[in-house]
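To start, the structure itself, in structure tokens.
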There are 2 protein chains.
Amino acid sequence: MPRPRSPLLSAEAIVTAALDMIDETGNFSFPRIARRLEVSQSSLYNHIQNREHIIELIRARVFTEPLSLPVAELPWDEALRTVVRAYRACIAAHPRLVPLILAQTVQDAGALGAYESMALALEQAGLPPQRIVSALFLIDNLVLGSAMELTAPAVAWAPPPGAFPALQRALEAPHTVEGRAEAAFELGLAVLVDGLRAQEFTQN
Amino acid sequence: MPRPRSPLLSAEAIVTAALDMIDETGNFSFPRIARRLEVSQSSLYNHIQNREHIIELIRARVFTEPLSLPVAELPWDEALRTVVRAYRACIAAHPRLVPLILAQTVQDAGALGAYESMALALEQAGLPPQRIVSALFLIDNLVLGSAMELTAPAVAWAPPPGAFPALQRALEAPHTVEGRAEAAFELGLAVLVDGLRAQEFTQN
DNA sequence: ACCTGAACACCGTTCAAGT
DNA sequence: ACCTGAACACCGTTCAAGT
């Protein structure tokens with residue numbers, strides 16, 4: 001087939017197909033995108049640079065808009081809770097994306113806006129500058145970790161019967177995967193705010 | 001080559017080669033293991049079942065011994081700090097392993113021993129049973145997340161010049177990758193212990 | 001500018017064949 | 001029991017060739 005009158009393909013269509021495939025199967029591939037869009041594999045490269053580039057475009061799509069919240073007038077703990085929950089909502093809609101975006105430099109403006117809001121709240125909390133980066137990492141761990149739990153195996157620990165009694169007792173409590181992930185996130189957020197307040201450098 | 005008098009290969013040799021390759025490059029593959037051990041790719045399957053199985057064997061090797069600590073007589077916060085630090089020491093020696101072991105059910109006895117100790121400490125702290133699983137997830141996030149930071153890009157956030165001032169201020173503080181990861185872990189551990197203490201259900 | 005098919009260097013896994 | 005080579009179904013990326 002020669003060049004069609006209007007393009008068969010676009011970066012947007014590729015990103016949509018890839019994100020759908022991630023939500024469905026946990027990953028994407030060039031052959032599967034091409035098959036779904038009824039196009040040849042090599043033509044994808046007319047619209048995106050490579051695999052990494054697709055992931056960056058997905059990150060931008062997932063983190064747009066909801067992350068620049070009017071939060072400046074709230075007390076720091078309220079502001080922090082609000083932004084962290086909004087950040088989690090973005091990624092919890094696509095939990096299988098987490099392993100693909102881990103450990104890559106964040107350059108997307110939407111995501112950076114969320115970190116800016118969090119850094120401001122942490123300054124208001126009285127954290128010294130060099131601790132703010134640490135706290136941002138902790139928040140990242142909390143949000144991404146508890147989102148990953150949404151797709152973790154239902155049984156996260158499988159102790160053999162008769163051993164590890166305290167672990168067995170803890171695992172007896174009934175739960176769903178969603179409830180478990182949500183509970184861990186909310187406990188983590190409460191512990192984070194109260195724990196930061198308890199550090200000596202906080203001023204209130 | 002027919003069957004040799006003494007085996008050329010063993011599960012141990014495969015695990016060693018795979019773990020070395022993970023430490024060096026962040027991943028392993030059957031062709032590269034076979035090349036390093038000077039053996040054919042298909043002969044690996046005489047000693048291990050598949051790729052997942054290799055990862056499970058690596059997990060068992062990395063988490064053996066240091067994780068059943070005599071911790072029962074310590075106050076809960078001391079016990080928790082000790083076990084969490086020992087857990088972190090295991091994985092911080094092989095930070096590039098983290099993405100490979102994330103989100104798989106833990107069955108290794110060594111690793112389960114660490115979780116048992118942590119569950120006991122959390123019981124002593126007064127956490128209700130259904131919160132203990134949440135707290136174990138938080139600890140996992142903290143340990144694995146801060147280990148992954150050891151191999152993260154030196155620049156975790158790249159805000160464009162002139163925007164995101166609070167983030168820029170936070171990033172100005174000088175740091176090494178190791179120092180940054182260590183600082184985040186220690187802040188997280190302090191926040192975790194103090195934050196747990198601040199929750200209403202704790203009794204001391 | 002945009003699509004195609006062929007080619008290349010990589011993967012994990014299976015299996016018949018050797019001793 | 002343990003190794004081999006061939007085969008298969010997958011990957012990501014490049015490139016000359018079409019219009």
Side-chain angles (χ1 to χ4, degrees), chain A residues 1-59 96-105 153, chain B residues 1-60 96-105:
Chain A
M1 190 199 289
R3 175 162 77 102
R5 287 128 159 262
S6 70
L8 299 175
L9 224 43
S10 66
E12 286 66 38
I14 293 171
V15 167
T16 300
L19 184 53
D20 286 349
M21 282 173 40
I22 290 167
D23 289 340
E24 291 161 13
T25 71
N27 211 338
F28 72 93
S29 78
F30 282 76
R32 285 192 288 144
I33 291 177
R35 237 173 287 142
R36 180 174 299 204
L37 299 180
E38 293 183 303
V39 105
S40 87
Q41 193 177 158
S42 53
S43 62
L44 300 177
Y45 287 88
N46 289 304
H47 302 269
I48 51 86
Q49 295 165 24
N50 51 35
R51 187 180 161 90
E52 285 290 304
H53 188 207
I54 294 179
I55 294 173
E56 280 311 297
L57 293 174
I58 293 173
R59 192 207 292 268
R96 308 185 83 165
L97 184 57
V98 174
L100 302 179
I101 63 171
L102 275 177
Q104 290 186 30
T105 303
Chain B
M1 190 198 290
R3 174 162 78 103
R5 287 129 157 261
S6 71
L8 299 175
L9 224 43
S10 66
E12 286 68 37
I14 294 171
V15 167
T16 299
L19 184 53
D20 286 350
M21 284 175 37
I22 290 167
D23 288 341
E24 292 161 15
T25 72
N27 212 338
F28 72 92
S29 78
F30 283 76
R32 286 193 287 146
I33 292 176
R35 237 173 286 143
R36 180 174 296 205
L37 299 180
E38 293 182 303
V39 104
S40 86
Q41 192 178 158
S42 54
S43 61
L44 300 177
Y45 287 88
N46 288 304
H47 302 269
I48 50 84
Q49 295 163 26
N50 51 34
R51 188 180 160 89
E52 285 291 303
H53 187 209
I54 294 178
I55 295 173
E56 280 312 297
L57 294 174
I58 293 173
R59 191 206 293 268
R96 308 184 84 166
L97 183 57
V98 174
L100 303 179
I101 63 171
L102 276 177
Q104 290 187 30
T105 303

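Owing to the predicted nature of the structure, the values given are computational and were not obtained by experimental measurement. All chains are named by letter (A, B, ...) in the order of the sequence lines, taking the proteins before the strands, and each is independently numbered beginning at 1.
- A/R51 contributes atom CZ, which lies 12.5 Å from atom CG of A/L44 (distance to the nearest 0.5 angstrom).
- Contact check of residues 15-23 of chain A against DNA chain D (heavy atom, cut-off under 4.0 Å) returns no residues at all.
- For the OP1/OP2 pair of D/dA1 and a distance below 4.0 Å, the side-chain nitrogens and oxygens of B/H47 include no atom meeting the criterion.
- The CZ atom of A/F28 sits 18 Å away from the P atom of D/dC10 (whole-angstrom rounding).
- Between A/L9 and A/N46 there is no side-chain heavy-atom pair separated by less than 4.5 Å.
- One can place CG of A/L44 at 9 Å from P of C/dC3, the figure rounded to the nearest angstrom.
- Among the heavy atoms of the strands lying under 4.0 Å from A/S40 is at least one base atom, whether or not backbone atoms are also near.
- A straight line from CD of A/E38 to P of C/dC3 spans 14 Å, rounded to a whole angstrom.
- Here CD of A/E56 is found 10.0 Å from CG of A/N50. Values are rounded to the nearest 0.5 Å.
- Here the straight-line distance linking atom CD1 of B/I14 with atom OG of B/S43 works out to 7.5 Å at 0.5 Å rounding.
- Taken to the nearest 0.5 Å, the CD1 atom of A/I54 stands 4.0 Å off from the CD1 atom of A/I48.
- With contacts defined as side-chain heavy-atom distances shorter than 4.5 Å, the pair B/N27/B/L100 qualifies.
- We find that CG of A/N27 is positioned 15 Å from P of D/dC10, with the value rounded to whole Å.
- One finds the CG atom of A/L19 at 11.5 Å from the CG atom of A/L57 (value rounded to the nearest 0.5 Å).
- Nearest nucleotide to the B/S29 side chain, out of D/dC2, C/dG12, D/dG12: C/dG12.
- Summarising the base pairing, D/dC15 is matched to C/dG5 through a Watson-Crick or G-U wobble pair whose two defining distances lie under 3.5 Å.
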Polar atoms only, N or O, under 3.5 Å: list the protein pairs with nucleotides 13-17 of chain C and their distances.
{"from": "C/dT13", "atom 1": "OP2", "to": "B/Y45", "atom 2": "OH", "distance (Å)": "3.1"}
{"from": "C/dT13", "atom 1": "OP2", "to": "B/R51", "atom 2": "N", "distance (Å)": "3.0"}
{"from": "C/dT13", "atom 1": "O5'", "to": "B/Y45", "atom 2": "OH", "distance (Å)": "3.3"}

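- Closest to the side chain of B/N46, out of C/dC11, C/dC3, D/dT4, is D/dT4.
- Panel note: side chain A/R32, backbone A/M21; no donor-acceptor pair is recorded below 3.5 Å.
- A cation-pi arrangement is absent between B/R36 and B/F28, since the terminal nitrogen or guanidinium carbon is not both under 6.0 Å from the aromatic centre and inside a 45° cone about the axis.
- For A/R32, taking side-chain heavy atoms from C-beta onward, the closest of the listed nucleotides C/dT4, C/dC11, D/dC11 is D/dC11.
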